[in-house]
Structure formats: C-alpha cells, structure tokens
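Predicted, not measured: the structure shown is a model, and the values here were computed from it. We count residues from 1, following the sequence as given.
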Amino acid sequence: MQKNDSSPRYTCNEYREEMILLGLRKRLSSGNLSAEEKESLLKEIQRVEEEMGIG
C-alpha cells in the first residue's frame, strides 16, 4: 500500500505555534494579571493566530 503524499503535513513549526498559543491562553486564564499584561497577552495571541492563519 502506498502512502498518500498529497495530504497536508503537520509540521514541527505548526506544532510549536500551537503550543505557544496554548501557553498564552493558559497564562491569560490564570487570572491575576494587570490590565497591561492582559492586553499584551491578547495582542500576542492575535499575532500568533494571524501567523497560523486562524485569526
């Protein structure tokens, strides 16, 4: 049986971006953040999502 090479591949970079996004969201949900920290996290999440093509 031959492997289908036309299927999209899940790369290390995609995995890395997902883990970064997950970490940012976890920090955001931790609660005790200043308004500046929260705003910074939201901007970073938006930037990562745009890079991933989901934002």
Query - Check: Q46 and L42 side chains under 4.5 Å, non-hydrogen atoms - result: no
Report summary line: One should read off an interatomic distance between E37 CD and S30 OG, to the nearest 0.5 angstrom, of 8.5 Å
**Report entry** Closest non-hydrogen atom pair between K38 and L28, with its separation
**Finding:** CG-CD1, 3.7 Å
Query raised in the report: What residues form a side chain to side chain contact (heavy atoms under 4.5 Å, CB included) with E44, not counting sequence neighbours?
Result: L24, R47, V48
Query raised in the report: Under 6.0 Å from the OH atom of Y15, do we count more than 12 heavy atoms belonging to anything else shown?
Result: no
Query raised in the report: Name the one of R27, R25, E50 that satisfies side chain to side chain contact (heavy atoms under 4.5 Å, CB included) with I45?
Result: R25
Query raised in the report: What pairs with I54 under side chain to side chain contact (heavy atoms under 4.5 Å, CB included), at least two apart in sequence or on another chain?
Result: L21, E49, M52
Query raised in the report: Looking at CG of N13 and CD of E51, how far apart are the two atoms once the value is rounded to the nearest 0.5 Å?
Result: 10.0 Å
Query raised in the report: Within the side chain of E14, is there an N or O that forms a donor-acceptor pair under 3.5 Å with the backbone of T11?
Result: yes
